[in-house]
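Heads up: numbering here begins at 1 and tracks the sequence.
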Amino acid sequence: MYPMLVNSRNLFFGAAIVLGLVASGPVHSFDDGAEVTIDYRQGLMRALGGNMAATAAIVVDGAPFRDNLSTHTRYIADATVDIPALFPEGSDFGETDALPSVWEDVEKYAELSRESHEAAVALHEAVEQGDDAEIMAGFRTLGQSCRSCHEDFRRRD
Ligand code: HEC
């Protein structure tokens, strides 16, 4: 009998912990999936930022990690393949810096996403071909494409 009691007590505490977590969550009725979606896309965006910074250190400042360059540009090309998919309906409030325009001006958002992805693919190809002038030009075009989207679709600090 005793082990049974321990088990049901663990179950009780388990349930209490789960309820506690739910109770301390956001006040508005917030689809659970939206919060993790926002966490995920912000993490992905930070990874884009990190890979851009690493790329800049190599191609602009000459950091001696040229062998890693294609790892960074491949990530950027892969991760930008469908940015709008990271912004589903219902993920427009809570801890997000995405502006309402993301869900209002869907076509422009998709277009800027596509431009960024194309710039990233072009940069990655230039890296694969080892063409320094193309790499520098591609890096600048890509950086500009990130900024263009943030200007219209991300809240400024
Ligand atoms: C099509 C639009 C779009 C493009 C292109 C885009 N971003 Fe973003 N980015 C956003 C939006 C919207 C947010 C805010 C997301 C949120 O807070 O939910 C964001 C957030 C960020 C953040 C902050 C993440 C955080 O910690 O909250 C960084 C860093 C970032 N982007 C880097 C980049 C880089 C680097 C590129 C280009 C390689 C890029 N982004 C391309 C729309 C875009």
Side-chain angles (χ1 to χ4, degrees), residues 17-18 20-157:
I17 288 165
V18 169
L21 283 176
V22 171
S24 66
V27 194
H28 29 244
S29 70
F30 194 57
D31 173 35
D32 282 340
E35 209 169 353
V36 294
T37 294
I38 292 168
D39 280 349
Y40 175 75
R41 76 176 173 230
Q42 289 178 342
L44 183 145
M45 284 285 169
R46 280 196 296 278
L48 284 179
N51 280 287
M52 282 297 276
T55 299
I58 298 167
V59 305
V60 181
D61 301 324
F65 298 98
R66 183 81 187 201
D67 288 352
N68 296 345
L69 192 51
S70 74
T71 304
H72 299 300
T73 55
R74 183 183 303 109
Y75 177 80
I76 300 168
D78 286 349
T80 50
V81 78
D82 190 2
I83 294 176
L86 306 171
F87 294 81
E89 293 284 340
S91 66
D92 55 341
F93 60 95
E95 299 286 317
T96 180
D97 291 324
L99 291 173
S101 50
V102 168
W103 294 274
E104 287 160 10
D105 201 347
V106 174
E107 267 174 37
K108 182 160 185 217
Y109 197 64
E111 188 187 312
L112 290 177
S113 167
R114 222 169 15 249
E115 279 175 14
S116 207
H117 177 61
E118 281 166 13
V121 169
L123 172 61
H124 184 59
E125 281 169 6
V127 167
E128 296 280 272
Q129 281 153 22
D131 183 328
D132 282 349
E134 287 282 315
I135 291 171
M136 193 60 85
F139 176 70
R140 291 194 195 293
T141 305
L142 175 61
Q144 184 52 52
S145 79
C146 309
R147 281 191 293 277
S148 297
C149 187
H150 293 161
E151 260 166 35
D152 289 346
F153 294 98
R154 184 173 67 155
R155 190 166 288 117
R156 279 162 221 240
D157 297 325

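- Side-chain contact between Glu128 and Ser70 is present, with heavy atoms from C-beta onward closer than 4.5 Å.
- Considering every non-hydrogen atom in both Glu95 and Gln42, the closest pair reads O-NE2, 3.0 Å.
- With Arg155 contributing its side chain and Thr96 its backbone, the two residues share a donor-acceptor pair below 3.5 Å.
- Summarising the geometry, atom CG belonging to Leu112 is positioned 8.5 Å from atom CG belonging to Asp105; distances are rounded to the nearest 0.5 Å.
- Taken to the nearest 0.5 Å, the CD1 atom of Ile38 stands 11.5 Å off from the CG atom of Leu86.
- In this structure, the side chains of Leu44 and Tyr75 come closer than 4.5 Å at one or more pairs of heavy atoms.
- A pairwise comparison of heavy atoms in Asn51 and His72 identifies OD1-ND1, 2.8 Å as the closest pair.
- Taking 4.5 Å as the limit, some side-chain heavy atom of Arg156 sits within range of a side-chain heavy atom of Glu151.
- Taking CD from Glu118 and CG from Leu123, the interatomic distance works out to 14.0 Å, rounded to the nearest 0.5 Å.
- In terms of the side-chain hydrogen bond (donor to acceptor under 3.5 Å, both in side chains) criterion, residue partners of Asp152 (sequence neighbours excluded) are, by chain and number, Lys108.
- Thr55 has its side chain within reach of Leu69: a pair of non-hydrogen atoms, C-beta onward, lies under 4.5 Å apart.
- Closest heavy-atom contact between Pro84 and Ser113: CD-OG, 3.2 Å.
- Between Ile83 and Met45, some side-chain heavy-atom pair lies under the 4.5 Å cut-off.
- To the nearest 0.5 Å, atoms CG (Leu99) and NE2 (His150) are separated by 11.0 Å.
- Ala98 and Arg41 get closest at one heavy-atom pair: CB-NH2, 4.2 Å.
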Table please: side-chain donor-acceptor pairs of residues 137-147 below 3.5 Å, with sequence neighbours left out.
residue: Thr141; atom: OG1; partner: Ala137; partner atom: O; Å: 3.0
residue: Gln144; atom: OE1; partner: Arg147; partner atom: NH2; Å: 3.4
residue: Ser145; atom: OG; partner: Ser116; partner atom: OG; Å: 2.8
residue: Ser145; atom: OG; partner: Leu142; partner atom: O; Å: 2.7

For a ring-ring contact (aromatic ring centres under 6.0 Å, His included) check, start with the C-alpha distance between Phe87 and Tyr109, then their side-chain angles and the critical distance, and finish with the verdict. CA-CA 10 Å; Phe87 294 81; Tyr109 197 64; 5.4 Å; yes
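- The main-chain N or O of Ser148 is never found under 3.5 Å from a side-chain atom of Glu115 such that the two would form a donor-acceptor pair.
- For the pair Val102 and Asp92, the minimum side-chain heavy-atom distance is 4.5 Å or more.
- Checked against side-chain hydrogen bond (donor to acceptor under 3.5 Å, both in side chains), Asp132 has the following partners two or more places apart in sequence or in another chain: Arg66.
- Rounding to the nearest 0.5 Å gives a distance of 11.0 Å between CD1 of Ile135 and NE2 of His124.
- Minimum interatomic distance between Trp103 and Pro88 (heavy atoms only, all atoms of both residues): NE1-O, 3.3 Å.
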